[in-house]
Amino acid sequence: MRENDKEAGNNTVKSDFDQITEVLFDYIEGTAEGQPERLRKAFHPNFNLYTVTNDTLWTRSGKQYIANIKTGEKLNRIGRILAIDMEKDAAIAKVEIKVPNWRTFTDYFLILKYEGNWRIVHKSYSWRAISKKE
């Protein structure tokens, strides 16, 4: 057992599912709380984001995305994990991010375990405007 597989302060090993959940919360809370260091921890350094705008594929670098998160700048975002599916060293996850009075984003992540750690290597997303009823 490697040292980074242990929880701080005790010998309990975190399950892969718990580690993936932690990575997703680093993303959710890191963006909402203005903590770019948590995003750097969650994402592979060369990850990209993909979406479709006006029927055109739009790609943005992860470095550019993280650079837009200002330290300490809290954003009105409410995130929740909808699904995680894992097999050996690969996982996919679905996350919902609500930005009240604006949009609901649906994020799809490809997460891989390498060098003993889970990291997001790909993010695709879509969004819809929030109706007045939400």
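We use all heavy atoms of the structure for the numbers below, so side chains are in, but hydrogens, waters and symmetry mates are not. Counting from 1, the numbers follow the sequence of the chain as shown.
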- [ ] Check the hydrophobic clustering (I, L, V, M, F, W, Y; side-chain heavy atoms under 4.5 Å; chains of links allowed) and say if Leu49 and Val23 are grouped together.
- [x] yes
TODO: Step through it carefully: locate the ring centre of His122, locate the ring centre of Tyr108, and say whether they are under 6.0 Å apart.
DONE: no
Taking only distance into account, with no hydrogens and no angle test, what donor-acceptor pairs under 3.5 Å do side-chain atoms of residues 78-88 form with protein atoms, sequence neighbours excluded?
from	atom 1	to	atom 2	distance (Å)
Arg80	NE	Glu96	OE1	3.0
Arg80	NH2	Glu96	OE1	3.4

TODO: Under the side-chain contact (heavy atoms from CB on, under 4.5 Å) rule, collect the residues that match up with Ser15, sequence neighbours excluded.
DONE: Phe17, Asp18
Open item on the list: Side chains of Thr71 and Pro36, heavy atoms from C-beta outward: is any pair under 4.5 Å?
Closed with: yes
Open item on the list: Is there a side-chain contact between Lys94 and Thr106 in this structure, where contact means two heavy atoms from C-beta onward sitting under 4.5 Å apart?
Closed with: yes
TODO: Might you point out which heavy atoms bring Ala91 and Ile20 nearest each other, and give the distance in Å?
DONE: CB-CD1, 3.7 Å
- [ ] Tell me, please, which residues at least two apart from Phe109 pass ring pair (Phe, Tyr, Trp, His ring centres under 6.0 Å).
- [x] Tyr27
Task: Verify same cluster id: Ile97, Tyr125 (apolar side-chain graph, 4.5 Å) - done: yes
Open item on the list: Please say yes or no: joined through hydrophobic side-chain contacts below 4.5 Å, possibly via intermediate residues, are Ile28 and Val99 part of one cluster?
Closed with: yes
- [ ] For the residue pair Trp102 and Ile130, establish whether any side-chain heavy-atom pair is separated by less than 4.5 Å.
- [x] no
Open item on the list: Please tell me whether Phe105 and Val95 are part of a single hydrophobic cluster in this structure, the criterion being side-chain heavy atoms less than 4.5 Å apart.
Closed with: yes
Open item on the list: Are Tyr114 and Ile120 connected into the same hydrophobic cluster when the rule is that any two of I, L, V, M, F, W, Y join if their side-chain heavy atoms are below 4.5 Å apart?
Closed with: no
TODO: Could you go through the side-chain contact (heavy atoms from CB on, under 4.5 Å) check for Lys14 and Glu22 one step at a time?
DONE: CA-CA 10 Å; Lys14 291 183 186 178; Glu22 188 174 279; 2.5 Å; yes
Open item on the list: Which residues pass the salt bridge (charged side-chain N to carboxylate O under 4.0 Å, His left out) test with Asp89, not counting sequence neighbours?
Closed with: none
TODO: Find the distance between CZ (Phe47) and NZ (Lys123) and round it off to the nearest 0.5 Å.
DONE: 7.0 Å
What pairs of donor and acceptor atoms, side-chain ones from residues 59-69 against any protein atom, are under 3.5 angstrom apart with sequence neighbours left out?
from	atom 1	to	atom 2	distance (Å)
Ser61	OG	Gln64	N	3.0
Asn68	ND2	Gln64	O	3.4

Open item on the list: Contact between Lys113 and Asp16 at the side-chain level, heavy atoms closer than 4.5 Å - yes or no?
Closed with: yes
TODO: First locate atom CD1 of Ile92, then atom OG of Ser124, and finally report the distance between them rounded to the nearest 0.5 Å.
DONE: 11.5 Å
Task: Pairs involving residues 33-57, ordered by first then second residue, that meet salt bridge (Lys or Arg N to Asp or Glu O under 4.0 Å) (sequence neighbours left out) - done: Asp26-Arg38, Asp26-Lys41, Glu29-Arg38, Glu33-Lys74
- [ ] Using modelled atom types only, decide if a donor and an acceptor are shared between the side chain of Thr104 and the backbone of Arg128 within a distance under 3.5 Å.
- [x] no
TODO: Report the C-alpha distance between Leu39 and Thr31 in whole Å, list the side-chain angles of each, state the deciding distance to 0.1 Å, and finish with yes or no for side-chain contact (heavy atoms from CB on, under 4.5 Å).
DONE: CA-CA 7 Å; Leu39 297 176; Thr31 54; 3.7 Å; yes
